[in-house]
Amino acid sequence: MSLKSSVLSTKCRKAIYGIVALCLLSLLVAGVIANADTTTSTAKSPVTIGEAPPTPIPTPSTTSIPVSSPSPGPSPVSSPSPSPNPNPSPSATPRNLALYENAGTITLGTTDAAIQAALTQTRAFILRKWNARQLGRLAFVSMSPTNRPFTRNFYIERNALGEWQVTLEIADTDPQEFSFVEEIGVAANGHPILEPSRPGSPPAVTRALHLKNSATVRNGLVL
């Protein structure tokens, strides 16, 4: 009987040891699997197609930036108001015609003698006032092809820059300004001689005035 009890006791212990070993093995396997799942879950997070990966939030810096107070700006300075021009230009302001020598109205006649007399009087007045650099004005009236009076108003005056010029004003047209006046010759056929030094130029039989913008140009008004 003691032999049976000994054998039975040995079998029981082996069975218990086997059960305990099996439990320990099960616990060990379960721990490894759980650890593997945790590692896999941490390493691979789900990514949605078309969604940018999350941006890490930066740690706020503790460095302080000194802020300087704005320096006061310069005090506003008011611009001085322009002083009036002591010698305003007659062409830039309404003309004070009382300052102009008035040659009156010169009418171009119908006969050759009357025409030459009117032109000579007009040329002499403009040239005299131009050479003296004095204010002057006159009205030169001729007849249009429809037998209507056509008036040209001449003013010898300063422009806005203080330079002397001859201003021609005709109703319903823009004023013309001439900054150069010279005497030229007129040929027997009535054509002005603009280049008297050119070989073959005809001799001058009378004189005329050439109003233009400079000494070098040829275009302008021949009077």
Side-chain angles (χ1 to χ4, degrees), residues 82-145 148-223:
S83 58
N85 187 354
N87 297 310
S89 169
S91 60
T93 59
R95 293 183 178 97
N96 184 1
L97 296 181
L99 302 177
Y100 289 68
E101 180 182 344
N102 185 10
T105 300
I106 301 176
T107 302
L108 193 66
T110 55
T111 64
D112 290 342
I115 292 174
Q116 289 302 321
L119 290 175
T120 300
Q121 186 181 358
T122 301
R123 293 166 185 160
F125 178 80
I126 293 177
L127 187 61
R128 176 171 63 85
K129 302 305 291 184
W130 175 261
N131 289 335
R133 297 299 191 267
Q134 295 176 347
L135 299 176
R137 64 187 178 97
L138 68 85
F140 185 81
V141 180
S142 60
M143 302 303 294
S144 68
R148 298 182 60 182
F150 184 77
T151 304
R152 299 174 178 88
N153 292 293
F154 290 92
Y155 299 90
I156 299 90
E157 60 190 3
R158 293 180 183 270
N159 60 16
L161 300 177
E163 301 167 341
W164 283 93
Q165 66 182 24
V166 177
T167 305
L168 170 60
E169 293 184 354
I170 303 173
D172 301 325
T173 61
D174 294 332
Q176 300 180 54
E177 299 176 347
F178 306 100
S179 57
F180 191 83
V181 178
E182 67 176 354
E183 276 192 294
I184 59 173
V186 180
N189 58 4
H191 293 168
I193 304 173
L194 301 179
E195 296 177 341
S197 59
R198 187 181 65 178
S201 295
V205 297
T206 186
R207 306 294 294 174
L209 282 187
H210 191 192
L211 312 181
K212 53 186 182 177
N213 289 325
S214 71
T216 57
V217 299
R218 297 183 57 184
N219 59 333
L221 175 65
V222 175
L223 177 63

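Computation of the quantities below employed the complete heavy-atom set of this structure, encompassing side-chain atoms and omitting hydrogens, waters and symmetry-equivalent molecules. In this chain, residues are counted from 1 in sequence order.
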Which residue pairs satisfy the salt bridge (charged side-chain N to carboxylate O under 4.0 Å, His left out) criterion with at least one member in [range], sequence neighbours excluded?
range: residues 178-190; result: E182-K212
range: residues 111-125; result: none
range: residues 185-197; result: E195-R198, E195-R218

For this session: Look at atom CG of D174 and say whether more than 12 heavy atoms of other residues, nucleotides or ligands are closer to it than 6.0 Å.
Result: no
Which residues pass the side-chain hydrogen bond (donor to acceptor under 3.5 Å, both in side chains) test with [X], not counting sequence neighbours?
X: S214; answer: T216
X: E169; answer: R95
X: T173; answer: none

Mind checking what makes side-chain contact (heavy atoms from CB on, under 4.5 Å) contact with [X], not counting sequence neighbours?
X: S144; answer: T146, R148
X: A117; answer: none
X: V186; answer: T206, A208
X: A139; answer: T105, T151, N153

Could you measure the distance from the [atom1] atom of [X] to the [atom2] atom of [Y]? Nearest 0.5 Å is fine.
X: N213; Y: F178; atom1: CG; atom2: CZ; answer: 7.0 Å
X: L211; Y: I126; atom1: CG; atom2: CD1; answer: 6.0 Å
X: R207; Y: I193; atom1: CZ; atom2: CD1; answer: 8.0 Å
X: I184; Y: H210; atom1: CD1; atom2: NE2; answer: 5.5 Å
X: F154; Y: F140; atom1: CZ; atom2: CZ; answer: 7.0 Å
X: L209; Y: T122; atom1: CG; atom2: OG1; answer: 9.5 Å

Exercise. Between the main-chain N or O of S197 and the side-chain N or O of S201, is there a donor-acceptor pair closer than 3.5 Å?
Worked result: no
At their closest point, which heavy atom of [X] faces which heavy atom of [Y], and how far apart are they?
X: T167; Y: P175; result: CG2-CB, 4.2 Å
X: A103; Y: L138; result: CB-CB, 3.7 Å
X: Y100; Y: G136; result: CD2-O, 3.5 Å

For this session: Give every residue pair that meets the side-chain hydrogen bond (donor to acceptor under 3.5 Å, both in side chains) criterion with at least one member in residues 127-142, sequence neighbours excluded.
Result: E101-R128, E101-K129, K129-Q134, S142-R152
Exercise. Below 4.5 Å, heavy atoms only, C-beta onward: do L108 and L119 meet side chain to side chain?
Worked result: yes
